[in-house]
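To start, the structure itself, in structure tokens.
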Amino acid sequence: MAEQTSIPEPATDPWKGFRGVMAGTLILEAITVLLALPVVSAVGGGLEWWSITFLVGLAVAMFLGAGVQGKPWAMTYNLVLQALLIIGGAFMQLSILVIGVVFAIVWAFILFLRADVRKRIAAGLLPSQRMSGTS
């Protein structure tokens with residue numbers, strides 16, 4: 001009778017820490033967007049009602065998004081916020097565009113990490129998946 005080997009489930013939830021990374025990234029991005037308000041005010045055309053509304057609204061959406069990282073649509077939400085920041089930066093101020101591009105690189109790295117974690121789980125390579133006492 002052939003023994004069937006299966007890949008064990010991780011003993012701890014690897015996605016819990018990953019959700020924390022995504023939430024922390026959103027919070028840092030929201031703080032950075034809010035800190036850009038004085039820059040937008042001092043450089044270029046200054047702050048208009050629409051630019052204040054856009055930047056503060058986007059920051060609030062990022063803060064709120066940090067709380068929904070456990071949802072299946074969270075990554076899509078994060079990437080839509082990123083696209084809005086880049087598009088808004090293209091129309092508003094170069095400094096906002098730079099913030100958007102820098103955080104787009106961060107989100108691209110997060111996507112890479114997500115794919116790597118999925119691959120490691122499927123292969124049974126996470127430390128919490130390794131069987132103890134086997135040679």
Side-chain angles (χ1 to χ4, degrees):
M1 188 175 215
E3 193 175 309
Q4 211 176 20
T5 60
S6 65
I7 298 172
E9 289 293 317
T12 58
D13 183 11
W15 298 112
K16 183 177 181 181
F18 191 76
R19 289 189 300 266
V21 168
M22 292 191 307
T25 301
L26 274 180
I27 289 174
L28 289 173
E29 190 170 7
I31 292 169
T32 305
V33 167
L34 290 175
L35 287 173
L37 283 169
V39 174
V40 174
S41 175
V43 180
L47 286 172
E48 303 283 334
W49 68 269
W50 57 269
S51 60
I52 295 171
T53 303
F54 176 77
L55 290 175
V56 171
L58 196 58
V60 168
M62 289 174 181
F63 281 124
L64 293 175
V68 297
Q69 293 306 301
K71 304 292 183 187
W73 44 266
M75 185 58 81
T76 304
Y77 181 85
N78 300 340
L79 297 177
V80 166
L81 289 176
Q82 197 58 47
L84 287 173
L85 181 62
I86 291 173
I87 292 167
F91 290 107
M92 189 180 314
Q93 173 69 28
L94 179 63
S95 59
I96 300 299
L97 181 62
V98 169
I99 292 170
V101 169
V102 167
F103 275 99
I105 293 168
V106 171
W107 284 107
F109 183 64
I110 288 173
L111 285 171
F112 170 77
L113 290 177
R114 182 176 74 162
D116 186 54
V117 169
R118 282 185 177 160
K119 204 168 28 170
R120 288 174 183 259
I121 289 173
L125 297 176
L126 292 181
S128 65
Q129 289 177 293
R130 296 190 185 131
M131 304 284 254
S132 62
T134 61
S135 338

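The backbone N or O of Phe112 sits nowhere less than 3.5 Å from a side-chain atom of Asp116 that would complete a donor-acceptor pair.
Contact detail for Thr25 and Phe103: the closest heavy-atom pair is O-CE2, 4.1 Å. Taking both residues in full, the closest heavy atoms of Arg19 and Gly70 are given as CD-CA, 3.3 Å, listed atom of the first, atom of the second, then distance. Leu79 and Trp107 make their closest contact through CD2-CB, 4.2 Å (heavy atoms, listed as atom of the first residue, atom of the second, distance). Across Ala23 and Ala66, no two heavy atoms sit closer than the pair CB-O, 3.4 Å. When all heavy atoms are compared, the tightest approach of Ala30 to Ala59 is CB-O, 3.6 Å. Nearest heavy atoms, Ser95 versus Gln93: OG-CG, 3.0 Å.
Under a hydrophobic clustering in which Ile, Leu, Val, Met, Phe, Trp and Tyr are joined whenever their side-chain heavy atoms come within less than 4.5 Å, directly or via other members, Leu81 and Ile31 fall into the same cluster. Note on Phe109: it clusters hydrophobically with Leu111, by side-chain heavy-atom contacts below 4.5 Å among ILVMFWY residues. Criterion: ILVMFWY side-chain heavy atoms under 4.5 Å apart, direct or through other members. Under it, Leu97 and Val43 are not part of a common hydrophobic cluster. Under the 4.5 Å side-chain heavy-atom criterion for ILVMFWY residues, no single connected hydrophobic cluster contains both Leu28 and Ile110. Hydrophobic clustering places Ile86 together with Val98 (ILVMFWY residues linked when any side-chain heavy atoms are closer than 4.5 Å, directly or through intermediates).
Side-chain atoms of Leu26 and Met22, non-hydrogen and from C-beta on, never get closer than 4.5 Å to each other. In this structure the side chain of Phe91 never reaches within 4.5 angstrom of the side chain of Ile96, judged on heavy atoms. Residues Leu37 and Val56 have side chains in contact (heavy-atom distance under 4.5 Å, counting atoms from C-beta outward). With contacts defined as side-chain heavy-atom distances shorter than 4.5 Å, the pair Met92/Trp50 qualifies. No side-chain heavy atom of Tyr77 sits less than 4.5 Å from a side-chain heavy atom of Lys71. You'll find the side chain of Leu34 stays beyond 4.5 Å of the side chain of Leu55, heavy atoms only. The shortest side-chain heavy-atom distance between Glu29 and Leu85 falls under the 4.5 Å cut-off.
With rounding to the nearest 0.5 angstrom, the CZ atom of Phe18 is 8.5 Å from the CZ atom of Arg118.
Within a 6.0 Å sphere centred on CH2 of Trp49, other residues, nucleotides and ligands contribute 12 heavy atoms or fewer.
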Step by step, would you call Arg114 with Val117 a side-chain contact (heavy atoms from CB on, under 4.5 Å)? CA-CA 5 Å; Arg114 182 176 74 162; Val117 169; 5.9 Å; no
